[in-house]
Amino acid sequence: MASGTISGSTNNQYIDSKIVWSSTATTSSNTSSVTAALYYKRNNTGYTTYGTGSFSITINGAKKSASKYITITENDWVKAVESTTTVSHNSDGSKSITISGSGSISGTTLGSTSCSGTAKLDTIPRASSITSASSVTLGNKCSVKWTPKATSFRYKLKFSLGSWSATTGAIQPNTTSAYTHTGYTIPLTVANQLKNAKTGTMTVSLYTYSDSSATTLIGSASTKTFTVTVPSNESTVPTVAMALSPVSELGDTFDGLYIQGKTKVKASFTGSEAKYGADI
């Protein structure tokens, strides 16, 4: 919660004014509820100013006016008008606003009020951005790095390539320092999206949530691309079954014999199989 006091003056040197303000931030909506009140007090003894006055207070352009009977003495600050309004923050969560107050009591020495100043609200932490995502061979874990904005925030990572995608469960780094997540293994089945290529470009998206159930999304997702490579091993290379047989130009008598210059070789491929949808 942010709060502060803005000191002011009036046309009467013996009557002081001030604005007391406070704000409460709401992370999910990137807004703050700001309350401000205009007060008066005499700075000399033995005198009293009283009557029904016209007062107003303006918070970030939102004005509230009120007619109120007040008694101004040297003993206590008296509240003339109070207002509460919701203020939207900048996209980075920061916000400074102007608060001003005015007032007078007809027929008294309080003819005008000059009280205005700037209030700096608490910066609201916003969605994180991915700083890096490591290239990886399918079947291995991918390292994704970002800096959390609050220890209470949860995150989800969505990996996608072609028609394939997968989203992690909620991740809570419990830090506001740079964090690297290595908890997700890119499955070999992604090779189905790379039928005739050894490598591909995968996208990872980072979603920031403000609640423990990871349902209240903050801002937009941050994305990064990285290269995935299909491994070359028994699980990915094609299998080929081939039979060779001689074809002789000399007639049936020489079938089954390989005679230089007279016999050709016939290759028959049976049972050949490519993995993960690749073409042969």
Side-chain angles (χ1 to χ4, degrees), residues 27-28 91 125-245 265-280:
T27 302
S28 58
S91 58
R126 306 314 299 144
S128 295
S129 297
I130 299 174
T131 53
S132 66
S134 64
S135 297
V136 65
T137 299
L138 299 182
N140 293 281
K141 296 181 184 297
C142 177
S143 297
V144 183
K145 185 177 181 180
W146 70 91
T147 299
K149 301 298 184 182
T151 56
S152 61
F153 282 3
R154 266 68 166 179
Y155 302 86
K156 289 182 181 179
L157 292 171
K158 180 181 179 180
F159 297 88
S160 57
L161 195 161
S163 62
W164 175 89
S165 67
T167 302
T168 67
I171 303 165
Q172 186 179 12
N174 284 314
T175 182
T176 53
S177 300
Y179 172 78
T180 302
H181 182 74
T182 57
Y184 184 75
T185 299
I186 309 297
L188 270 173
T189 52
V190 174
N192 286 312
Q193 308 299 317
L194 304 169
K195 295 182 179 181
N196 297 301
K198 185 178 180 180
T199 63
T201 300
M202 180 170 285
T203 299
V204 58
S205 301
L206 175 68
Y207 297 86
T208 303
Y209 299 88
S210 61
D211 60 323
S212 59
S213 59
T215 55
T216 305
L217 183 66
I218 297 176
S220 302
S222 168
T223 61
K224 206 82 170 177
T225 59
F226 61 97
T227 300
V228 293
T229 302
V230 179
S232 180
N233 54 39
E234 291 182 357
S235 65
T236 60
V237 297
T239 57
V240 179
M242 181 177 67
L244 300 177
S245 60
V265 177
K266 179 182 179 180
S268 300
F269 295 89
T270 59
S272 300
E273 180 186 5
K275 305 294 180 62
Y276 298 104
D279 297 326
I280 297 179

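Just so we're clear, the structure is a prediction, and the values are computed from it rather than from any experiment.
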Apply the test side-chain contact (heavy atoms from CB on, under 4.5 Å) to residues Gln193 and Ser163: give CA-CA distance (whole Å), side-chain angles for both, the deciding distance (0.1 Å), then the verdict. CA-CA 7 Å; Gln193 308 299 317; Ser163 62; 3.3 Å; yes

Could you tabulate the donor-acceptor pairs under 3.5 Å formed by side-chain atoms of residues 129-145, not counting sequence neighbours?
unit_1, atom_1, unit_2, atom_2, d
Thr131, OG1, Lys145, O, 3.0
Ser134, OG, Ser143, N, 3.0
Asn140, ND2, Thr137, O, 3.0
Lys141, NZ, Thr185, OG1, 3.3

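Here Ala150 pairs with Pro125, Ser152, Phe153 under the side chain to side chain contact (heavy atoms under 4.5 Å, CB included) rule; sequence neighbours left out. Partners of Ala127 according to the side chain to side chain contact (heavy atoms under 4.5 Å, CB included) rule, which considers only residues two or more places apart in sequence or in another chain, are Thr208, Ile218. Taking the side chain to side chain contact (heavy atoms under 4.5 Å, CB included) definition, one finds that Thr176 meets it with Thr151, sequence neighbours left out. Every residue meeting the side chain to side chain contact (heavy atoms under 4.5 Å, CB included) condition with Thr216, not counting sequence neighbours, appears here in chain and number order: Ser28, Ser210, Asp211.
For the pair Thr27/Arg126, a side-chain contact is recorded, criterion being any heavy-atom separation below 4.5 Å from C-beta on. The shortest distance between side-chain heavy atoms of Thr203 and Ser205 falls below 4.5 Å. Between Ile186 and Leu161 the shortest side-chain heavy-atom distance does not fall below 4.5 Å.
The ring pair (Phe, Tyr, Trp, His ring centres under 6.0 Å) contacts involving residues 160-204 comprise Trp146-Tyr179, Phe159-Tyr184, where partners must be two or more places apart or lie in separate chains.
Tyr155 OH to Lys149 NZ: the interatomic distance, rounded to the nearest 0.5 Å, is 8.0 Å. Separating the CD1 atom in Ile171 from the OH atom in Tyr207 is a distance of 12.5 Å, to the nearest 0.5 Å. Arg154 contributes atom CZ, which lies 10.5 Å from atom OG1 of Thr215 (distance to the nearest 0.5 angstrom). Within the model, atoms CD of Gln172 and OG of Ser212 stand 8.5 Å from one another, a figure rounded to the nearest 0.5 Å.
When all heavy atoms of Ser128 and Thr147 are compared, the closest pair comes out as OG-O, 2.9 Å. The nearest pair of heavy atoms linking Gly169 to Lys156 is O-CG, 3.9 Å.
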